[in-house]
Novice: 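Have a look at this one.
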Amino acid sequence: MTPEAARKKACAVEIVRALARRRHTSYFAGGCVRDLLLKTEPHDYDVATTASPEEIESLFPKTLPVGKQFGVILVLMDDIPYEVATFRKEGGYHDGRRPSWVESAGPEEDAKRRDFTINGLFYDPLAGKIIDYVGGEKDLTAKTLRAIGDPEERFEEDKLRLLRGVRFSSTLGFEVEARTWESVKKHHASITAVSPERIRDELIKIFTRPHAGRGLELLSESGLLKVILPEVEA
């Protein structure tokens, strides 16, 4: 681990420790846990906690309410931004991107609202313990990309997950689980509900990271390519 990476992780641990001193359950969440288990350097660290947004703001001197309505506060530690979010459940996805309501919940409910099992893991850095409610560890070992719960529901909630699935599969070299892949193909046309800017961002990640060629193949096989880049498909 580089000195910069070690500093970034140390600050994230300090956030968890500060929350723990106030008796809040707090874990590393999502992609950083996946990357740590894969022994790759996380791009950033996200923290999920029982603390409310107001409690997070009161505890840390430098914060930004970037997504406070969704329970998300950006905490600045040593000038490094960390997304600190209250454990939550959500619903009423009318636009295929954002929930119409959000309410606080426990860690298990929070994990089950996420996209793929490999992104639904928590890690307690103080206890050195993985918390897995969704079978993410098993899928990481098997190099399988699987939607959490019912893939139909996960993609109905957030259409961007269709592209994210292609990105994770190609970049990580994971096989997409059969039901998840069938659902991606079934819902490919609904990617148009996502803004062009967000689609562009995902495509940049697919084509600038490892196995970009495989990413292009998956985009074509899923039907996504003919919707978002028809000239390339042709």
Side-chain angles (χ1 to χ4, degrees), residues 1-90 98-99 101-141 148 158 164 168 171-172 205:
M1 184 176 287
T2 65
E4 177 64 23
R7 182 172 71 99
K8 187 183 290 187
K9 184 178 180 182
C11 288
V13 172
E14 182 52 39
I15 290 173
V16 172
R17 185 173 285 116
L19 289 161
R21 285 196 289 264
R22 296 292 183 91
R23 300 183 181 279
H24 293 298
T25 298
S26 306
Y27 303 136
F28 289 175
C32 66
V33 182
R34 177 198 68 229
D35 291 344
L36 288 170
L37 289 174
L38 291 174
K39 301 190 185 307
T40 61
E41 198 170 291
H43 294 288
D44 47 43
Y45 287 85
D46 294 339
V47 174
T49 179
T50 53
S52 69
E54 292 75 19
E55 288 170 323
I56 297 167
E57 288 176 318
S58 69
L59 187 56
F60 299 99
K62 293 183 179 180
T63 63
L64 294 170
V66 292
K68 190 172 181 178
Q69 71 272 34
F70 300 110
V72 181
I73 300 294
L74 205 64
V75 173
L76 299 174
M77 293 281 286
D78 201 11
D79 295 325
I80 303 170
Y82 296 87
E83 191 175 281
V84 183
T86 305
F87 290 122
R88 67 186 188 268
K89 59 182 178 180
E90 52 195 35
R98 295 190 180 279
W101 59 262
V102 171
E103 61 183 53
S104 60
E108 184 171 0
E109 289 174 300
D110 186 278
K112 289 180 177 178
R113 70 167 178 84
R114 295 172 183 262
D115 53 8
F116 303 102
T117 60
I118 62 170
N119 296 332
L121 295 162
F122 296 125
Y123 176 67
D124 182 345
L126 305 184
K129 178 183 177 183
I130 295 292
I131 297 92
D132 183 4
Y133 297 108
V134 295
E137 279 192 284
K138 181 179 179 181
D139 284 338
L140 271 179
T141 300
I148 292 173
D158 184 349
R164 282 169 59 83
F168 290 127
T171 301
L172 297 174
K205 291 174 183 177

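Just so you know, these numbers come straight off a predicted model, no measurement behind them.
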Novice: Testing the basics here: between A111 and I148, what is the closest heavy-atom pair and its distance to 0.1 Å?
Specialist: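 Closest heavy-atom pair between A111 and I148: O-CD1, 3.3 Å.
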Novice: Could you check D35 against E41 for side-chain contact (heavy atoms from CB on, under 4.5 Å), going step by step and ending with a plain yes or no?
Specialist: CA-CA 6 Å; D35 291 344; E41 198 170 291; over 6 Å; no
Novice: If you measure from CD1 on I131 to CD on E137, what distance do you get to the nearest 0.5 Å?
Specialist: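 Interatomic distance, I131 CD1 to E137 CD, rounded to 0.5 Å: 9.5 Å.
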Novice: Centroid separation under 6.0 Å, is that true for the rings of F122 and F87?
Specialist: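 Here the rings of F122 and F87 have centres that are less than 6.0 Å from each other.
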Novice: Hey, what do you get for CD1 (I80) to CG (D44), rounding to the nearest 0.5 Å?
Specialist: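 Going from CD1 on I80 over to CG on D44, the span is 11.0 Å.
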Novice: Using atom types as modelled and distance alone, determine if a side-chain donor or acceptor of Y27 lies under 3.5 Å from a backbone N or O of L121.
Specialist: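 Here the side-chain-to-backbone pair does not exist.
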Novice: Which atom names give the shortest non-hydrogen contact between K8 and H43, and what distance separates them?
Specialist: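 Closest heavy-atom pair between K8 and H43: NZ-O, 2.9 Å.
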Novice: Going from CZ on R114 to CG on D158, what distance comes out if it is rounded to the nearest 0.5 angstrom?
Specialist: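 One gets 13.0 Å once the value is rounded to the nearest 0.5 Å.
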Novice: Within this structure, what is the CG-CD1 distance for the pair D132 and I118, rounded to the nearest 0.5 Å?
Specialist: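 Output value for this atom pair is 12.0 Å.
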Novice: Within a radius of less than 6.0 Å around CG of D79, do more than 12 heavy atoms belonging to other residues, nucleotides or ligands occur?
Specialist: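 Incorrect, the count does not exceed 12.
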Novice: To the nearest 0.5 angstrom, please state how far the CZ atom of F28 sits from the CG atom of L36.
Specialist: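 Rounded to the nearest 0.5 Å, the CZ-CG separation comes out at 7.5 Å.
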Novice: Hey, are K112 and E109 close enough for a salt bridge, meaning a charged N less than 4.0 Å from a carboxylate O?
Specialist: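 No, K112 and E109 are not salt-bridged.
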Novice: How many angstroms lie between CD in E55 and OG1 in T50, if you round to the nearest 0.5 Å?
Specialist: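 Reported value, rounded in 0.5 Å steps: 7.5 Å.
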Novice: What closest approach, in Å, do F60 and M77 show between heavy atoms, and which atom pair accounts for it?
Specialist: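 Heavy atoms of F60 and M77 come nearest at CD2-SD, 4.3 Å.
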Novice: Which heavy atom in L126 sits nearest to a heavy atom in A20, and how many Å separate them?
Specialist: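 Where L126 meets A20 most closely, the heavy atoms are CD1-CB, 3.9 Å.
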Novice: May I ask you to decide whether E14 forms a salt bridge with R7, counting only side-chain N to carboxylate O separations under 4.0 Å?
Specialist: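 So E14 does not pair with R7 through a salt bridge.
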Novice: Considering non-hydrogen atoms only, spot the tightest contact between L59 and A18 and give its length.
Specialist: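 Reported closest heavy-atom pair: CD2-O, 3.7 Å.
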Novice: side-chain contact (heavy atoms from CB on, under 4.5 Å) for D139 and R34? Distances and angles first, verdict last.
Specialist: CA-CA 11 Å; D139 284 338; R34 177 198 68 229; over 6 Å; no
Novice: If every non-hydrogen atom of P53 is compared with every non-hydrogen atom of T86, which pair is closest and at what distance?
Specialist: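 For P53 versus T86, the nearest heavy atoms are CD-OG1, 3.3 Å.
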Novice: Among V33, T117, L38, exactly one meets side chain to side chain contact (heavy atoms under 4.5 Å, CB included) together with L140. Which residue is that?
Specialist: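 Going through the options one by one, the only one that passes is L38.
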Novice: Is it true that a side-chain atom of T63 and a backbone atom of L74 form a donor plus acceptor pair closer than 3.5 Å?
Specialist: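 No, the answer is negative, given that no donor and acceptor are paired below the 3.5 Å cut-off.
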Novice: Run the side-chain contact (heavy atoms from CB on, under 4.5 Å) test on N119 and R164 for me, step by step, so that the C-alpha distance in whole Å, both residues' side-chain angles and the decisive distance to 0.1 Å come before the verdict.
Specialist: CA-CA 11 Å; N119 296 332; R164 282 169 59 83; 4.0 Å; yes
